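Inspection log for the structure reproduced underneath, given as structure tokens.
None of these values were measured; they are calculated from a predicted model.
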Amino acid sequence: SGEAGIGKTTLAARFAREVSEGGALVAYGRSDEDLGIPYQPWVEGLTRLVALAPDALLADHVADRGSHLAHLVPDLAPRTTVDAPSIHDADSERLVLFGCVTDLLARLSHERPVLLVLDDLHWADLPSVQLLRHVLMAGVPMRVGVLGTFRDSEVDGGDPLADLLAKLHRDRGVERIHDRDGARNAV
């Protein structure tokens, strides 16, 4: 976290390049101010991961989970043959979608570690933040790292990200990284 222009995205890109050179799958997604695109950072990141995924892995994912993820990542549809069943309850549909995202990340990470960079999370919509929390707290064994950047000055008490940061502070399995002066910089 930090102020605009301090170098959060540049630092994240350098780290992502090193991780990629080490053999991990790396994907990037960002939130844009005022666009209001649901799940925008996830759509961008998952589209890249689907493009890199082996056909057999995607086929196994779809065989087990259906093609629900194709609603979020349209590039998945041409590579699969299973149609998604209709779900008419928004809460159930969101739960199924979150499970599909977690399943795909877990499958990918069994082959290679995965790093998902989510940039500008201070502009993320509520569903994107909810999906992030679900992935982080799902309890599914996976080698997935999530590196998120945000402007702490733009995260206030009513912001979805502020709520997530507070919940992550209480949850086990989350490590906060502090700078030399002890200030909270990363989760």
Side-chain angles (χ1 to χ4, degrees), residues 12 15-30 39-73 75-77 79-82 84-85 87 91-119 121 124 126-150 160-161 163-178 184-187:
F15 179 72
R17 185 174 48 249
E18 287 182 25
V19 169
S20 177
E21 289 170 357
L25 292 174
V26 176
Y28 173 86
R30 74 176 192 291
Y39 301 107
Q40 180 188 3
W42 290 97
V43 169
E44 292 175 5
L46 291 170
T47 297
R48 170 82 172 140
L49 291 174
V50 165
L52 296 172
D55 288 337
L57 185 142
L58 294 176
D60 289 346
H61 167 76
V62 169
D64 289 346
R65 294 291 186 145
S67 59
H68 298 280
L69 193 56
H71 297 293
L72 194 60
V73 184
D75 291 353
L76 180 64
R79 297 182 61 192
T80 62
T81 58
V82 177
I87 299 175
D91 290 333
S92 297
E93 187 172 332
R94 185 173 53 245
L95 182 61
V96 169
L97 176 65
F98 287 10
C100 289
V101 170
T102 303
D103 179 75
L104 180 66
L105 290 171
R107 287 174 193 271
L108 286 167
S109 75
H110 289 317
E111 301 211 351
R112 294 168 56 187
V114 175
L115 174 66
L116 183 59
V117 178
L118 303 176
D119 202 9
L121 285 173
L126 178 60
S128 293
V129 173
Q130 289 172 330
L131 177 52
L132 175 57
R133 182 170 196 275
H134 179 84
V135 168
L136 294 175
M137 299 298 128
V140 175
M142 56 182 150
R143 298 181 303 161
V144 175
V146 178
L147 188 152
T149 70
F150 62 95
L161 186 58
D163 183 50
L164 174 63
L165 292 171
K167 288 177 182 174
L168 290 176
H169 179 70
R170 292 188 302 263
D171 284 332
R172 296 177 55 193
V174 175
E175 182 178 342
R176 289 184 179 236
I177 302 169
H178 300 274
R184 190 171 58 210
N185 284 329
V187 176

Got a sec, which residues hit salt bridge (Lys or Arg N to Asp or Glu O under 4.0 Å) with Arg143, two or more places apart in sequence or on another chain?
-> none
With rounding to the nearest 0.5 Å, note down the distance linking OH in Tyr39 to CG in Leu72.
-> 7.5 Å
To the nearest 0.5 angstrom, please state how far the CG atom of Asp119 sits from the CD atom of Glu44.
-> 9.5 Å
Partners passing ring pair (Phe, Tyr, Trp, His ring centres under 6.0 Å) against His110 (at least two apart in sequence or in another chain) | none
Would you please test Val135 and Met142 for side-chain contact (heavy atoms from CB on, under 4.5 Å) and show each step?
-> CA-CA 10 Å; Val135 168; Met142 56 182 150; 4.2 Å; yes
Tested for side chain to side chain contact (heavy atoms under 4.5 Å, CB included) against Val73, the lone hit among Leu104, Val101, Thr47 is Thr47
Apply side-chain contact (heavy atoms from CB on, under 4.5 Å) to the pair Arg112 and Leu108, showing each step before the final yes or no.
-> CA-CA 6 Å; Arg112 294 168 56 187; Leu108 286 167; over 6 Å; no
When rounded to the nearest 0.5 angstrom, what is the spacing between CG in Leu25 and CG in Leu105?
-> 10.0 Å
How long is the gap from CG on Leu121 to OG1 on Thr149, to the nearest 0.5 Å?
-> 6.0 Å
In sequence, state the C-alpha distance, the side-chain angles, and the governing distance for Arg17 and Val26, and then conclude on side-chain contact (heavy atoms from CB on, under 4.5 Å).
-> CA-CA 8 Å; Arg17 185 174 48 249; Val26 176; over 6 Å; no
Could you tell me which residues satisfy side chain to side chain donor-acceptor pair (under 3.5 Å) with Arg30, sequence neighbours excluded, listed by chain and number?
-> Asp32
Counterpart residues, side chain to side chain donor-acceptor pair (under 3.5 Å), relative to Asp60 (two or more places apart) = none
Quick one: does Trp42's side chain get under 4.5 Å of Leu132's, heavy atoms only?
-> yes
Can you check whether Leu58's main-chain N or O pairs, donor with acceptor, with Arg107's side chain at less than 3.5 Å?
-> no
Check for a donor-acceptor pair, side chain of Arg79 on one end and backbone N or O of Val50 on the other, with a separation under 3.5 Å.
-> yes
Distance, nearest 0.5 Å, that separates CG of Leu97 from CZ of Arg65 = 10.5 Å
Those residues that, when tested against Phe98, pass ring pair (Phe, Tyr, Trp, His ring centres under 6.0 Å) (two or more places apart) | His134
Ala27: partners by side chain to side chain contact (heavy atoms under 4.5 Å, CB included), with sequence neighbours left out | Arg48, Leu49, Leu116
Do you know which two heavy atoms are closest between Ala138 and Thr102, and how far apart they sit?
-> CB-CG2, 3.8 Å
Does Ala106 offer a backbone N or O that forms a donor-acceptor pair with the side chain of Ser109 under 3.5 Å?
-> yes
Beyond-backbone contact of Arg94 with Gln130, side-chain heavy atoms, under 4.5 angstrom = yes
Here the gap from Leu69 atom CG to His61 atom NE2, rounded to the nearest 0.5 Å, amounts to 4.5 Å
Can you name the closest pair of heavy atoms from Val117 and Ala16 and give their distance?
-> CG2-CB, 4.1 Å
